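Quick notes on the structure that follows.
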Protein chains: 2
Amino acid sequence: MTRDRWLSHADERLRGAGLRTSAGRTAVVELLARDGDCLLSAQELVDRLRAQPGAGSTATVYRTLETLHELGLVRRFDGGEGIARYEIADPSGEHHHHLVDADTGEVVAFEDAELERAIHRIGERLGVRLTGHDVILRGRRAS
Amino acid sequence: MTRDRWLSHADERLRGAGLRTSAGRTAVVELLARDGDCLLSAQELVDRLRAQPGAGSTATVYRTLETLHELGLVRRFDGGEGIARYEIADPSGEHHHHLVDADTGEVVAFEDAELERAIHRIGERLGVRLTGHDVILRGRRAS
DNA sequence: GTTATTGCAAACAATTTGCATATAA
DNA sequence: TTATATGCAAATTGTTTGCAATAAC
């Protein structure tokens, strides 16, 4: 399962970066492995951590997210509401994009091979080795 | 020319929304028509307005950008640095996307018909009438 | 022991808002 | 004349940071 794979991959990567296995960071990483497959804000993480005992300070959550992002373990999105959202980045490179309902704000994830192919070709056409990409669609359900 | 067309379109649309032709808003709109074809921040707009006499308070710039965005006259982007950037939205629907250099942060605009087609098809596949979309590519120049 | 990590609270930066004044209609 | 728009400064909000205490190695 993707989440388990991500968790062990993340552990390994953090260890490999010379970082210690500390309570706070571990709590964030495990929470992400459990709930982080789609777009969580830092505040949401803090809240969920606070539900469980002791762990979960704002600073630690932000610091951990920054670390994970630098290591390529999470993707970060800056949706127009001025708050960043994160989701785990599958080590296999497989990923989805997001469709936002223009009325409700509801977010749906989708994958599309044709889209990925088009993006790949753009990189070639522009002479750029792509390191990442984000696609956000907005629309309303056809009535 | 696109900018002139945008300016008259914007004027008309603002008028049509029952808004008054005021100095502050007009200055922002005209500045956008002149310089706003690609990704300006609110602060950059304020600075450029301040270069000219009298006009250009932070509040008015933000309020105008909000209005323009609601009316679909500008596109807003939230690049990961916590600051929003705006550019004029061509009334014809023609538009470009952005490639960010992973090393320098430099932004290049591009258009791609194949990409647009792929996105259109995704809308159909998901049963959604698309109202907008953003694509951001990140990469480094092939050496 | 030494060094990384934590948590709190203070600091920050972008953006928003209250309100009294000025201005377009 | 009347409602809208402005500008200032204060308030808000998401995020970052200094620092002393704590925990990993």
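A quick note: this is a predicted structure, and the numbers were derived from the prediction, not measured. Residue numbering restarts at 1 for every chain, and letters A, B, ... go by the order of the sequence lines.
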Any A/Thr21 side-chain N or O less than 4.0 Å from OP1/OP2 of D/dA24
no
Chi angles and distances behind the salt bridge (Lys or Arg N to Asp or Glu O under 4.0 Å) call for B/Asp101, B/Arg138
CA-CA 6 Å; B/Asp101 188 302; B/Arg138 269 165 277 104; over 6 Å; no
Roughly how many Å is it from OH in B/Tyr86 to C1' in C/dT15, rounded to a whole number?
9 Å
Starting the side chain at C-beta, find the nucleotide from C/dT5, C/dT6, D/dT15 nearest to A/Thr60.
C/dT6
Which one of B/Arg121, B/Arg125, B/Arg117 satisfies the salt bridge (charged side-chain N to carboxylate O under 4.0 Å, His left out) criterion with A/Asp112?
B/Arg125
Step by step, work out the side-chain hydrogen bond (donor to acceptor under 3.5 Å, both in side chains) result for B/His95 and B/His133.
CA-CA 10 Å; B/His95 62 275; B/His133 60 270; 3.1 Å; yes
Does a nitrogen or oxygen in the side chain of B/Ser22 sit under 4.0 Å from OP1 or OP2 of C/dT23?
no
Enclosure of A/Glu70 CD (heavy-atom neighbours >12, cutoff 6.0 Å)
yes
Which of C/dA14, C/dA4, D/dG7 is nearest the side chain of B/Ile83? It is C/dA14
A/Tyr62 side chain N/O closer than 4.0 Å to the phosphate oxygens (OP1, OP2) of D/dT16?
no
Just the rounded figure in Å: distance from P of C/dT16 to CD of B/Gln43.
13 Å
Quickly work out the B/Arg76 CZ to C/dT15 C1' distance and round it to whole Å.
10 Å
Could you state the atom-to-atom distance from CD of B/Glu81 to P of C/dT15 in whole Å?
10 Å
Taking atom C1' of D/dC8 as reference, at what distance in whole Å does atom CZ of B/Arg50 sit?
10 Å
Pick the nucleotide of DNA chain C nearest each of B/Arg63 and B/Arg85; which residue has the one closer to the 5' end?
B/Arg85
Name the residue closer to the 5' end of DNA chain C, choosing between A/Gly24 and B/Ala23 according to the nucleotide with the nearest heavy atom.
A/Gly24
Expressed in angstrom and rounded to an integer, what is the separation of B/Asp78 atom CG from C/dT15 atom C1'?
12 Å
Starting at CG of B/Leu40 and ending at C1' of C/dT15, how long is that distance when rounded to a whole Å?
17 Å
Taking only side-chain N and O atoms of A/Arg20, does any of them lie within less than 4.0 angstrom of OP1 or OP2 on C/dT5?
no
Send over the distance from B/Leu49 CG to D/dG7 C1', rounded to a whole Å.
14 Å
When A/Thr58 and B/Thr64 are each assigned the nearest nucleotide of DNA chain D, the 5'-most assignment goes to B/Thr64
Does a side-chain N-to-carboxylate-O contact under 4.0 Å join B/Glu106 and B/Arg141?
yes
